[in-house]
S.K.: 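Before I ask anything, here is the structure I am working with.
All values reported here derive from a predicted model rather than from experimental measurement. When a ligand or atom number is given, it counts from 1 through the structure's own listing order.
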Amino acid sequence: MSIAIVWLRRDLRLADNPALRAALEAHEQVLPVFIHHAPDEEQPWSSGAATNWWLHHSLKALAQSIAQAGGSLILRAGDTLAELRSLVKSTGATAVYWNRLYEPAVIARDRQIKQALREDGLIAESRNAALWFEPWELQTGGKEPYRVFTPFWRNAEGRLREQLAQGRAPLAAVRKLKSLAKPAESLALEDLQLLPKIGWDQHFYTAWTPGESGAQAQLGRFLKAPVGSYLAQRDLPAVDAVSQLSPHLHFGEISPMQIAAAIEQLLAENHAAGVRKNAEGFLRQIAWREFGHHLLFHFPQTPTAPLNPRFAEFEWRSKNAYASDLRAWQRGETGIPIVDAGMRQLWQTGWMHNRVRMLVASVLTKNLLIPWTEGAAWFWDTLVDADLANNTLGWQWVAGCGADAAPYFRIFNPVLQGFKFDSAGDYVRRWVPELAQLPASAIHAPWDAEQQVLQHAGIKLGSDYPNPIVDLRETRARALEAYDRVKK
Ligand SMILES: Cc1cc2nc3c(=O)[nH]c(=O)nc-3n(C[C@H](O)[C@H](O)[C@H](O)COP(=O)(O)OP(=O)(O)OC[C@H]3O[C@@H](n4cnc5c(N)ncnc54)[C@H](O)[C@@H]3O)c2cc1C
């Protein structure tokens, strides 16, 4: 009887899982395995604290689904190749299957593992489960990787439509797995020590349901109503208008193909023009994720170096000079309400609304002149959706040094943005409760409010809530000068 190992990583689902399906088609028994790799394998981008929290709960959910299907999820920790070899030896497996990932260190590790396993005489095969298209499948007319989103999307969208019309569809869920007669040794989930030792994660439990069924429920909720007003409301952080699928997508609890198919289905049932426009706008957003992976694959240096090499010379402030400002930013104590609201939402829930991510990143890189890599590192540790491709794309876009980046002179004014996108002030009130009594007209710039208004709201600036740590107007001018020097 032939046995195959399915090495699960960030494809924590039973539906639309090509590696699992390939193993089941070619072998009588399949052993699903998760290996918590040794920290040095994915350096310097081993998963952060918030994603580890998610991983713990996602593995728990997956183990339950696998058990319901009649199998059992084997957990291991340590050097990945050594663990795979030990499992091969103890079970007599003749093949190992997995789904591909695209971070540079992971690609290098996986390549070595594939070669080593093949040299051992095993079948070692990988599949695409994370993207509509492999990063090497899409090219410009000049056979180059894309650096600009719109033509990338035009190409991807055309092909996706064509393939959907030709019947490309997500793979059905695996419902039956057989346990091995002699079970392989497994660690307990707790042995992986993924949960934080200090209980800063309590809000995460009310905010999220990690796992494949949590992901499907989230998609269902989004497609039921918010998708219909996605384009008009996706920039409003106080409104429940976006999908919040990002951590589910990061861990592969749902695939972009499943989302595209669900949208096709929705559009087949609902012919309203508004729904089509909004649903397509949503798919376009998922394509930014594809674009991020395309860029990371083709430009693997970008998690630490600007894609636009001119920006390597950019004069950031020195670490000594910015250390206390960075701390204030991380803690949500900058005195700029929408920034503080975002940073506190991030700390408490592991997620921040996209519009606010852009604002906090703009204040960090432009008003505070702190390197974007500092912000990316903080996000890496605190976001439940921390994703090397998307995080690098987002930070370089805002800093103005990436592909298709915001032009360097686009410096968001967080006060105007606050009044525009959180006009009633509800988002700030929710995350910065000390400002909750301020009227909407004052909430995004309390330093401009009359003393009487502040008094009435029970706020003394400087003690109940900080004065802004930067003068937005002066630092805007300073940033423009610094960017001008790079331009020359
Ligand atoms: C500075 C900065 C850092 C970011 N870091 C990350 C990160 O580490 N991980 C991450 O998943 N996203 C990141 N983003 C992108 C974006 O903010 C999140 O994907 C989005 O807020 C997730 O919420 P949602 O699932 O409700 O999005 P929706 O609006 O519902 O979009 C659906 C999906 O499309 C993808 N998507 C949407 N917008 C973007 C985008 N701009 N770039 C790439 N993919 C996108 C995501 O997978 C998202 O789940 C970052 C953005 C910025 C500006």
S.K.: Is there any N or O on F379 that sits under 3.5 Å from an N or O of ligand 1?
M.R.: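 No; the residue has no nitrogen or oxygen that sits under 3.5 Å from a nitrogen or oxygen of the ligand.
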S.K.: Starting from atom 33 (C) of ligand 1, locate the nearest protein heavy atom and write down its residue, its atom name and how far away it is, to 0.1 Å.
M.R.: I286 CD1, 3.8 Å
S.K.: Can you tell whether the side chains of E280 and R276 come within less than 4.0 Å, N to carboxylate O?
M.R.: yes
S.K.: With only distance considered, is D385 within less than 3.5 Å of ligand 1 through an N or O on each side?
M.R.: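 Yes.
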S.K.: Does M358 come within less than 4.0 Å of ligand 1, judged by its heavy atoms?
M.R.: yes
S.K.: Is G292 near ligand 1, meaning one of its heavy atoms is under 4.0 Å from it?
M.R.: no
S.K.: Quick one: look up the protein heavy atom nearest atom 32 (C) of ligand 1 and list residue, atom name and how far away it is.
M.R.: F282 CE1, 3.4 Å
S.K.: Give me the nearest non-hydrogen protein atom to atom 4 (C) of ligand 1 as residue plus atom name, then the distance to 0.1 Å.
M.R.: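 Closest protein heavy atom to atom 4 (C) of ligand 1: N391 OD1, 3.7 Å.
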S.K.: So does E134 pair up with R100, basic N to acidic O under 4.0 Å?
M.R.: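 Salt bridge present between E134 and R100.
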S.K.: Please could you name the atoms of ligand 1 that L249 approaches to less than 4.0 Å, counting only its heavy atoms?
M.R.: 47 (O), 49 (O)
S.K.: Tell me the protein heavy atom at minimum distance from atom 45 (C) of ligand 1, and give that distance in Å.
M.R.: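 That would be Q285 O, 3.7 Å.
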S.K.: Can you find an N or O of N354 that's nearer than 3.5 Å to an N or O of ligand 1?
M.R.: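 Between N354 and ligand 1, an N or O pair is found under 3.5 Å apart.
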S.K.: Does Y230 come within less than 4.0 Å of ligand 1, judged by its heavy atoms?
M.R.: yes
S.K.: Does the pair R478/E474 count as a salt bridge with the N-to-O cut at 4.0 Å?
M.R.: no
S.K.: What protein heavy atom sits nearest atom 30 (O) of ligand 1, and how far off is it?
M.R.: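 Ranking protein heavy atoms by distance from atom 30 (O) of ligand 1, first comes S243 OG, 2.6 Å.
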S.K.: Does R9 come within less than 4.0 Å of D110, counting only side-chain N to carboxylate O?
M.R.: yes
S.K.: Below 30° counts as parallel, above 60° as perpendicular, anything between as tilted: where do the rings of F34 and H36 land?
M.R.: parallel
S.K.: Looking only at heavy atoms of W351, does any of them come nearer than 4.0 Å to an atom of ligand 1?
M.R.: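 Right, W351 reaches ligand 1.
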S.K.: Do the side chains of D16 and R21 get close enough for a salt bridge, i.e. N-O under 4.0 angstrom?
M.R.: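 A salt bridge is absent here (no side-chain N lies under 4.0 Å from a carboxylate O).
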S.K.: For R221, is there an ion pair with D240 - N to carboxylate O distance below 4.0 angstrom?
M.R.: yes
S.K.: Would you say H250 touches ligand 1, if touching means a heavy atom closer than 4.0 Å?
M.R.: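 Distance cut 4.0 Å: H250 fails for ligand 1.
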S.K.: Please indicate whether any nitrogen or oxygen in W288 is less than 3.5 Å from any nitrogen or oxygen in ligand 1.
M.R.: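 W288 vs ligand 1: no N/O contact under 3.5 Å.
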S.K.: Between W54 and E253, do the side chains contain an N or O donor and an N or O acceptor separated by less than 3.5 Å?
M.R.: yes
S.K.: I'd like to know if R327 pairs up with E374 as an ion pair, taking the criterion as any Lys NZ or Arg NE/NH1/NH2 lying under 4.0 Å from an Asp or Glu carboxylate oxygen.
M.R.: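 A salt bridge is absent here (no side-chain N lies under 4.0 Å from a carboxylate O).
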